Amino acid sequence: LYITSSKESPEVIGSIKTATRFSSISWTPGSASTSSSFGMGILAGGMVDGTVHVWNPQSIIKGTGNPLLSTITRHQGGVTALQFNPHAA
């Protein structure tokens, strides 16, 4: 969603299809080392089936390439909390 728009309702500027629903979502602007590859940061979604998907938001919005960067399947239950480390190098 583009929330800085002057329109009354937020404008959808990108979307993705997933096999299951989101339980949690987190975004990081990235770091100096990732900014050239991920200009809009990195997006992670914790799903109700226990998986975590990691996407490139720039690919989602531009509709270019495969925006899915990684899938992690280490949880038995839904991923109800998700956060990037703000102090990562």
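Nothing here was measured: the structure is a model prediction, and the numbers come from that model. Sequence positions, counted from 1, serve as the residue numbers for this chain.
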- Task: Indicate yes or no for a side-chain donor-acceptor contact from Q58 to the backbone of G39 under 3.5 Å, with no hydrogens or angles considered.
- Result: yes
- Side-chain contact test, heavy atoms from C-beta onward, threshold under 4.5 Å: evaluate it for W55 versus I42 and give yes or no. no
Per-pair distances, 0.1 Å, donor-acceptor, side chain in residues 67-75, under 3.5 Å, sequence neighbours excluded:
| from | atom 1 | to | atom 2 | distance (Å) |
| --- | --- | --- | --- | --- |
| T71 | OG1 | H53 | ND1 | 3.0 |

- If you take all heavy atoms of G41 and N56, which pair is closest and at what distance? O-OD1, 4.3 Å
Please tabulate, for the side chains in residues 19-30, all donor-acceptor contacts under 3.5 angstrom to protein atoms that are two or more places apart in sequence or on a different chain.
| from | atom 1 | to | atom 2 | distance (Å) |
| --- | --- | --- | --- | --- |
| S24 | OG | V79 | O | 2.9 |
| W27 | NE1 | M40 | O | 2.8 |
| T28 | OG1 | G30 | N | 3.2 |

- Besides V48, the hydrophobic cluster formed by Ile, Leu, Val, Met, Phe, Trp and Tyr side chains linked at under 4.5 Å, directly or via other members, contains none
- Message: Nearest 0.5 Å, please: how far is CG in D49 from OG1 in T18?
- Response: 9.0 Å
- Message: Rounded at 0.5 Å granularity, tell me how far CG in L82 sits from CE in M47.
- Response: 10.5 Å
